[in-house]
Amino acid sequence: MPNIPAIAIIDDDEFVRDALQRLIESVGYATMAFSSADEFINSNCIRDISCLIADVQMPGMTGFDLHDRLIRNEYGIPVILMTGLPTEKFEARARNSGAVDLLSKPIGIERLIGCVEKALDGAAKQLQSSMT
Amino acid sequence: MLDVTRAFGEGQISSHFAPRRGRLGGHLTESWLGGIGLALAVGAAYFVVARLSLGLLMKPDGVAVFWPAAGISSGVLIALGPRARWPVALGAVIGTIPANLLGDRDVWATAVFALSNAAEALIAAAFIQHCFGAAFSLNKLRYVLGLFAAAVLGTALSGIGGAIGYKLFHSPTTPIFTTWQHWFVSDALGILAVAPVLIGIAVAAREQPPRNELFESFLVLALLAATTAFIVSLPEEPWQTVVPAALLFPMLLWLAARSRPVFTAAGAFMVCLTIVWATVLGIGHFGDPTLPISDRILQAQAVVLIVALGSLVLAALFAERRECEERLAHSNMLLKRERDNKLTNAQAIVAAIGHEVKQPLTAIVANGEAAQRFLKAAPPNLEKAHAALGRIADAGCRAGDILDGLRGLFSSGAQETHAVSVNEIIQDTLNSLQSEFARCDVAVHADLNPGLPDVAGHASRLREVMTNLFVNATEAMSSVARQNRVLCVGTKSDDSETVSVTIDDSGPGINADKLASIFNAFVTTKRHGMGLGLAICRTIIEQHGGVLTAGSNSKGGARFQVVLPVVSTTQELSS
């Protein structure tokens, strides 16, 4: 487990990606940014990631698809989803798939940091229980 | 903004309502054998009915009071169309000859009558076919009036032949005009009473009525037959002039209002036949022996005319009304569908705008929070705060650009256009997407014709369309192997008036069932997003007076084609 938790940000919009990266770094976490789910999967750094923030609407694989794939492959990375088009359908899907949260853009920092902390806490507890 | 109405064209309505050409006539007359069979059938029917009618001879000139045989020949010919012409004429001749020879007519008179009877059907049917075409029905008022005119014309002309034949070969003492008058009236009434039933049967054979309509109609017809028989057999009383109308009219009205015209025609035919029969055989009111036979016959003929014509007109008016109702319901449905579609499009556009604007907003909020944190830190990280604030300004500008673009897109006012080079626009767009193509391993082949004329338009909007189409193509190819992702862009000018751009990808292509609706909002081949892009692209191209179409290329991928009008000399001067 790395000393500073690394958080991956996946969004096809360069502005959003860059801004979220800067924000998360300002809180004190390490970040990695990817412009698509494919790029993230092919990056070989899945193991180094403690938490994932992914946009729902992306070309190719959507945020939901990526989350499903991570679950299928038994990567226990907590996933925070975000969308510019919050609908009840999306919210239900996010809840059912076990995502940490579905954040509606633009994202308030309190909620984002809250989600990240909750995700990292959960991941740490899971790790502890698997070690004992 | 979307082309919803074009999908349900006039064609659908007209094919639904237009009467189809009769198959029946084709079957019966396409061979010699069929023709002879038809001639014999018409001849036999003509003979039987003519014999019955000749039993209703009227003194002093010996013309039958009612000649339904005329209705058989005319009705069959009108129902089957011009190809049945000669078999039906032959049938009228072979039916007339024995019927007359078995009576008191000599060979010459019989020959003249046979020819007159054949000519009558030919004239009446030719008139109908000339005015209304081959597929004739009685579901319009003008068709009913046309049949009335055809009956008058056919019988008035054939009556001349008949009257001359009478004068020369049968009864030289009878005034020729009287004979003509009787011939005319009895044949015309025969056509009006019988032909509509035969025409209606042919129409019903082409378009079968539903079972519940058949059941109801036959029930009312049976009721009508029973009532008619009852009325006719009633003893002569003063109220007898009112009761028949009061009892029969509701049932004829019922048929006219709820069934197709053939049933009304059948009902009217039944009533007419019963009245004539009662008149001649001296039964009930119409057979009142205290009145002279000529008065009774006139009365019967008047009633037959009123019943037949009145019922047919009523049935036609109701049929027209039903058709109007059907059309109205159909157009209401189309209108509702179009309105729903517009609403859906409006919702989609609002959602799309929201989504577009939320991206820079997200960046602004995140950068703002980050800048605050960098400034609050000890010591403050001024460099990072500065970078974050710079990005806020950038994102703000981008949000403004998005809104400007959308406003320009939906403003209908004529905005200034310029002569723009399509090749330049494509090259610019390809350059701006270079990193995207590289990221997705898309090989781009551009075949841009250097001699391309300029088009009149807005470079930024056309760039928007090209960006959309190129990004769509790139996304469509995400499912194929990386080495097989090829985007081909070609421009050419087939004539001096248009420039066309063809964009081919090597993706899986567009399903045939989706092609028609791919430009509608919310329809997308992509697994994410709302598919609004193509709807907006088409709107932009249409605002330029051009066309955007989707299809497939020879390699199975999707092909989008943009055709834009070139800038005309007058436009060039003004810009």
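Throughout, a chain's letter reflects where its sequence line sits, starting with A, and its residues are numbered from 1.
Highest contact tally toward chain B, considering only A:D11, A:L112, A:V27, A:I24, is held by A:V27 [criterion: heavy-atom pairs under 4.5 Å]. Among the candidates A:K105, A:E39, A:R22, the residue making the largest number of heavy-atom pairs closer than 4.5 Å to chain B is A:R22. Your options are B:N367, B:V365, B:I364, and the one with the most heavy-atom pairs under 4.5 Å with chain A is B:N367.
Salt bridge B:R463/B:E424: absent, no basic N to carboxylate O contact under 4.0 Å. The existence of a salt bridge linking B:R482 and A:D38 is excluded, since no basic side-chain nitrogen approaches an acidic carboxylate oxygen closer than 4.0 Å. At a threshold of 4.0 Å, the pair A:D101-A:R111 counts as salt-bridged, since one of the basic side-chain nitrogens sits closer than that to a carboxylate oxygen.
The closest donor-acceptor contact from the side chain of A:D13 to the backbone of A:V16 lies under 3.5 Å.
When heavy atoms are compared at a cutoff of 4.5 Å, B:D394 approaches chain A by way of both its backbone and its side chain. Interface remark: B:K376 contributes no atoms to any contact with chain A (heavy atom separation under 4.5 Å). Contacts of B:T362 with chain A are made by both backbone and side-chain atoms, with heavy-atom separations under 4.5 Å.
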request  = Check step by step if side chain to side chain contact (heavy atoms under 4.5 Å, CB included) holds for A:L23 and A:I107.
outcome  = CA-CA 11 Å; A:L23 177 62; A:I107 302 161; over 6 Å; no

query = Yes or no on side chain to side chain contact (heavy atoms under 4.5 Å, CB included) for B:V465 and B:R461, after CA distance, side-chain angles and deciding distance?
reply = CA-CA 6 Å; B:V465 172; B:R461 293 188 201 173; 5.8 Å; no

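In the displayed structure, A:R69 atom CZ is contacted under 6.0 Å by at most 12 heavy atoms of other residues, nucleotides or ligands.
Side-chain contact check for A:L20 versus A:T31: every heavy-atom pair is 4.5 Å or farther apart.
Checking A:T83 against A:Q57 by side-chain atom types alone, a donor-acceptor pair falls below 3.5 Å.
Applying a 4.5 Å heavy-atom cutoff, the residues of residues 435-447 of chain B that approach chain A are B:R439.
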